[in-house]
Every structure is written in C-alpha cells, then in structure tokens.
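Below is one structure, written out as structure tokens; comments come after it.
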Amino acid sequence: MPSCDPGPGPACLPAKTFRSYLPRCHRTYSCVHCRAHLAKHDELISKSFQGSHGRAYLFNSVVNVGCGPAEQRLLLTGLHSVADIFCESCKTTLGWKYAFETSQKYKEGKYIIEMSHMVKDNGWD
C-alpha cells in the first residue's frame with residue numbers, strides 16, 4: 001500500500017492496475033474515463049464507423065475490455081450479431097464486438113470503440 005500524506009484532502013487510494021499495458025513506444029488509445037489502455041494504433045482498421053452516440057473506430061484487437069452477451073442489433077448497415085464491450089477497469093460501455101457476420105465477414109471478431117470514450121496517448125504530436 002502506498003504511503004499517504006496525512007494532510008487535508010481526499011483519501012489516498014492505491015494506484016489502478018490494468019490487466020494489460022501497451023508499450024510506451026507505440027501510439028495508443030486509452031479509456032477517457034480511467035486511462036486504461038485499450039488498443040495500439042497499429043490495430044486500427046477504420047475511422048469510418050458510426051457508434052450509438054457518434055463517430056467510432058474499428059479495431060482488429062483490444063485489451064482491458066470485457067464482453068457482454070451477443071445479441072441481434074439493427075445498425076446502419078443492417079442486422080448484425082454484436083456484443084457490447086466495456087472497460088474492465090471502470091465498467092464504462094465503450095462500443096461493441098461483432099460476434100458473427102455473414103454479409104460483411106471482415107467485421108467478424110472486430111471491435112468498435114466510440115470516439116467519445118477514447119483518448120490518444122503516447123507520441124501523437
């Protein structure tokens with residue numbers, strides 16, 4: 001347990017630890033709410049997606065996310081089998097994972113994360 005300054009202010013909380021940390025040498029995306037690492041820029045497939053609440057990115061793989069049950073959902077491109085994904089650290093719903101795709105096979109097993117839930121980290125100057 002880290003030592004705390006006994007002075008006035010908020011109680012000392014232990015530092016958050018995440019399941020996976022992405023290397024600092026890569027440009028990464030993190031959860032805007034708790035800063036847990038989510039994906040390397042190298043895993044980005046497309047910036048041309050629409051989430052439930054605005055613009056979203058399609059990623060090949062992500063880290064530090066949990067997955068809910070798959071369900072059929074009507075999206076802009078038709079009916080899809082998707083499962084909501086959430087940040088393992090702060091439990092915020094981030095987007096969804098395509099569970100099974102017959103008409104657009106390239107999406108199967110890929111992840112949508114909405115821009116409003118991500119922040120860019122490491123070397124985006």
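The distance from atom CG of L38 to atom OG of S61, rounded to the nearest 0.5 Å, is 11.5 Å.
Between C87 and C90, the closest heavy-atom pair is SG-N, 3.5 Å. Listed here is the closest heavy atom pair of E88 and K91: O-NZ, 2.9 Å. In terms of heavy-atom proximity, E114 sits nearest to S52 at OE2-N, 2.7 Å. The two residues A83 and G68 come nearest to each other via the heavy atoms CB-O, 3.3 Å. Contact record, C31 with L94: SG-CD2, 4.5 Å, taken as the closest heavy-atom pair.
Qualifying side chain to side chain contact (heavy atoms under 4.5 Å, CB included) partners for S81, counting only residues two or more places apart in sequence or in other chains: A70, Q72, A99, F100.
A salt bridge does not link D121 to K40: none of the charged nitrogens lies less than 4.0 Å from a carboxylate oxygen.
Using a 4.5 Å heavy-atom cutoff, the side chains of H117 and T92 are in contact. V62 is listed as a side-chain neighbour of I113, based on a closest heavy-atom distance under 4.5 Å. A 4.5 Å side-chain heavy-atom check between K47 and M115 finds every atom pair outside the cut-off. Taking 4.5 Å as the limit, every side-chain heavy atom of I45 sits out of range of all side-chain heavy atoms of Y111. The side-chain heavy atoms of R73 and L79, taken from C-beta on, include no pair separated by under 4.5 Å. Contact check for N60 versus K110: side-chain heavy atoms found under the 4.5 Å cut-off.
Among residue pairs with one or both ends in residues 53-69, none qualify as salt bridge (Lys or Arg N to Asp or Glu O under 4.0 Å); sequence neighbours excluded.
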### Task
I would like to know whether T28 and H41 meet side chain to side chain contact (heavy atoms under 4.5 Å, CB included); could you show each step before the answer?
CA-CA 5 Å; T28 59; H41 182 66; over 6 Å; no
### Message
Quick one, T77 with K107, criterion side-chain hydrogen bond (donor to acceptor under 3.5 Å, both in side chains). Give me CA distance, side-chain angles, the key distance, then yes/no.
### Response
CA-CA 12 Å; T77 54; K107 292 180 183 176; 3.3 Å; yes
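None of L76, I112, L75 except one satisfies the side chain to side chain contact (heavy atoms under 4.5 Å, CB included) rule with Q50; the exception is L76.
Put simply, W96 and L58 are part of the same group of oily side chains (I, L, V, M, F, W, Y) that touch within less than 4.5 Å, one to the next.
Using modelled atom types, one side-chain atom of N64 and one backbone atom of H37 make a donor-acceptor pair closer than 3.5 Å.
Hydrophobic side-chain contacts under 4.5 Å tie V119 into a cluster, directly or through other members, with V32.
The distance between the ring centers of F59 and Y29 falls below 6.0 angstrom.
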